[in-house]
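Notes follow the structure.
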Amino acid sequence: MSLRTGVSAAKNEVEQSPQDLTAQEGEFITINCSYSIGINSLHWLQQHPGGGIVSLFMLSSEKKKNGRLIATINIQERHSSLHITASQPRDSAIYICAVRHSALQAPGART
């Protein structure tokens with residue numbers, strides 16, 4: 001099974017690792033996301049080959065779990081992790097860490 005990671009941010013403000021990962025069925029997988037900017041929320045997204053982007057988690061200050069997926073965030077260390085327990089072939093996808101930063105914006109501006 002193959003996993004790829006991606007980042008949604010500008011100017012290298014968000015880094016995700018590993019970039020590519022090959023795992024065996026049943027393995028425990030961790031994908032890390034570090035960011036250098038203040039954020040309001042962090043999103044973990046998933047995209048299967050040929051499919052649309054699906055939101056897995058939105059985090060602001062807590063740990064969340066959904067089945068075999070667990071997402072954690074540490075605001076002080078500016079770090080989040082996505083854990084996949086007992087990986088399965090259907091987990092083969094691109095995983096994206098996206099942040100919504102906390103900088104003040106003009107009305108109507110998007111991040």
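FYI, side chains are in, hydrogens and waters are out, and symmetry mates aren't considered; it's all heavy atoms of this structure. Please read these numbers as outputs of a predicted model, since none were measured by experiment.
Considering every non-hydrogen atom in both Gln47 and Ala93, the closest pair reads O-CB, 3.4 Å. The minimum heavy-atom distance between Ile37 and Arg78, with the atom names listed, is N-NH1, 3.5 Å. Between His48 and Ser92, the shortest heavy-atom distance links the atoms CD2-O, 3.1 Å. Here the closest non-hydrogen pair linking Tyr95 and Leu82 is CD2-CD2, 3.6 Å. Across every non-hydrogen atom of Tyr35 and Val14, the tightest pair is CB-CG2, 4.0 Å.
Within the model, atoms CG of Leu69 and OG1 of Thr85 stand 7.5 Å from one another, a figure rounded to the nearest 0.5 Å. Remark: Gln16 CD to Ile96 CD1 distance equals 8.0 Å, nearest 0.5 Å.
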Anything under 3.5 Å between a donor and an acceptor, one on a side chain of residues 50-65, the other on a protein residue two or more places apart or in another chain? List them.
unit_1, atom_1, unit_2, atom_2, d
Lys64, NZ, Met58, O, 2.7

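When the side chain to side chain donor-acceptor pair (under 3.5 Å) test is applied to His79, the partners found at least two apart in sequence or on another chain are Asn32. In this structure His83 satisfies the side-chain contact (heavy atoms from CB on, under 4.5 Å) test together with Phe28, Thr30, Ile70, Thr72, Ser81, sequence neighbours excluded.
Remark: of the listed residues Val99, Ile75, Asn74, Leu42, Leu42 is the sole one forming a side chain to side chain contact (heavy atoms under 4.5 Å, CB included) with Ser80.
Counting only heavy atoms from C-beta outward, the side chains of Thr22 and Asp20 never approach each other to under 4.5 Å.
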